[in-house]
Amino acid sequence: AQGEGLGNHFLSNIKDTDGIYHVVRAFEDEEITHTENSVDPIRDMEIINSELVLKDLEYINNRLEDVEKLIKRTNPKEAREEKEVLVKVLDLLQKNKWVRHGDWSNAEIAVLNGHRLITAKSVVYLVNLSEEDFATKKNKWLKKIKEWIDDHVPGEIIPYSAEHERKELANKDEKKRSMLPKIIKSGYNALDLIYYFTAGADEV
């Protein structure tokens, strides 16, 4: 939020998305460096969560200033209604809570939709495991990651292995254990999208 970590440019790009895949590293590898010089998924999620919340806080504070100026000048009904929603958003963010998990009326949601807040988006967590941990379905961080997610920003959790997926993509004959289909479907589900196939007479 201060130009470090994710960086303001990247955070601004996130505002244009409909949902977020949050990739969490949960494996050790001396050949793959980590910006914090150690692997700690809980710490990493805390950092990312804080940056996303701070970015929305920055936006809301700026928007509130503009709305309050408008109210002082002409006091339009729309501005007063927007301010009520923004104050409610501000209260949530100051408590480090996501807008998505607030209690909103349809009218409030209509106001929120005009602001593209990051913390109003759906999140799917992709927990990147070592190939060995993925094969055995065991990892010392998985339980702690789930507990953090349940307590902070609930969302679907999908354990996978980027290394395994790389090998699966290279294997043209067998892709039985790839998690990509599940990851893709989880994105549709998080956005409440329906997917289906159409076919004409030739295909049938």
Side-chain angles (χ1 to χ4, degrees), residues 1 5-7 9-27 32 34-36 39-57 59 89 92-93 95-104 109 112-113 115-131 133-169 175-197:
L6 289 177
H9 180 67
F10 185 59
L11 285 166
S12 296
N13 289 340
I14 295 176
K15 288 175 72 73
D16 293 327
T17 67
D18 294 318
I20 299 171
Y21 281 117
H22 185 158
V23 181
V24 182
R25 175 177 168 180
F27 68 92
I32 302 176
H34 191 292
T35 55
E36 300 292 329
V39 174
D40 184 342
I42 307 303
R43 175 203 58 210
D44 295 345
M45 288 190 296
E46 289 279 6
I47 291 172
I48 298 300
N49 184 64
S50 294
E51 292 203 33
L52 299 183
V53 169
L54 285 170
K55 189 64 177 177
D56 275 355
L57 263 173
Y59 170 82
V89 169
L92 276 173
L93 294 174
K95 294 175 180 175
N96 206 33
K97 295 182 179 179
W98 277 43
V99 173
R100 178 172 181 77
H101 300 115
D103 185 19
W104 306 104
I109 290 172
L112 290 172
N113 285 342
H115 294 289
R116 300 184 302 124
L117 295 167
I118 296 173
T119 59
K121 302 180 189 299
S122 300
V123 182
V124 175
Y125 296 88
L126 307 180
V127 183
N128 189 6
L129 308 174
S130 67
E131 195 169 15
D133 285 359
F134 176 70
T136 60
K137 303 298 181 187
K138 293 180 180 179
N139 179 276
K140 67 178 182 179
W141 290 106
L142 279 175
K143 183 179 179 182
K144 294 177 181 178
I145 289 171
K146 184 179 186 311
E147 289 173 351
W148 186 94
I149 290 171
D150 289 345
D151 290 341
H152 294 79
V153 188
E156 184 176 0
I157 305 169
I158 302 177
Y160 82 111
S161 167
E163 177 63 16
H164 174 76
E165 295 297 334
R166 182 185 66 79
K167 293 178 180 178
E168 285 283 285
L169 287 171
K175 293 187 176 64
K176 292 181 179 179
R177 296 187 59 218
S178 172
M179 296 300 290
L180 284 179
K182 183 174 182 178
I183 291 170
I184 293 168
K185 288 178 181 177
S186 72
Y188 280 99
N189 292 336
L191 299 176
D192 293 324
L193 294 176
I194 297 171
Y195 55 94
Y196 56 91
F197 295 99

Answer yes or no: is there an ion pair linking K144 with E147, defined by an N-O contact shorter than 4.0 Å? no
For H22 and V123, work out which heavy atoms get closest and say how close. CB-CG1, 3.9 Å
Without swapping roles, check the side chain of K140 against the backbone of A26 for a donor-acceptor pair under 3.5 Å. no
For K95, look at atom NZ and say whether over 12 heavy atoms of other residues, nucleotides or ligands are found less than 6.0 Å away. no
Hey, does the side chain of E131 reach the backbone of S161 with a donor-acceptor pair shorter than 3.5 angstrom? no
Flag side-chain contact, heavy atom, 4.5 Å: E163 against F27: no
Heavy-atom closest pair, residues L129 and D133: CB-CB, 4.1 Å
Hey, is the main chain of I183 close enough, under 3.5 Å, to the side chain of Y21 for a donor-acceptor pair? yes
Counting distance only, does the side-chain N/O of K55 pair as donor-acceptor with the main-chain N or O of I118 below 3.5 Å? no
If you take all heavy atoms of P154 and H101, which pair is closest and at what distance? CD-CE1, 3.5 Å
Counting only N and O atoms by type, is there a donor-acceptor contact under 3.5 Å from the side chain of W148 to the main-chain atoms of E46? no
Which one of D56, N49, T119 satisfies the side-chain hydrogen bond (donor to acceptor under 3.5 Å, both in side chains) criterion with W98? N49
Mind checking the CE-CD1 spacing from M45 to I145? Nearest 0.5 Å is all I need. 5.0 Å
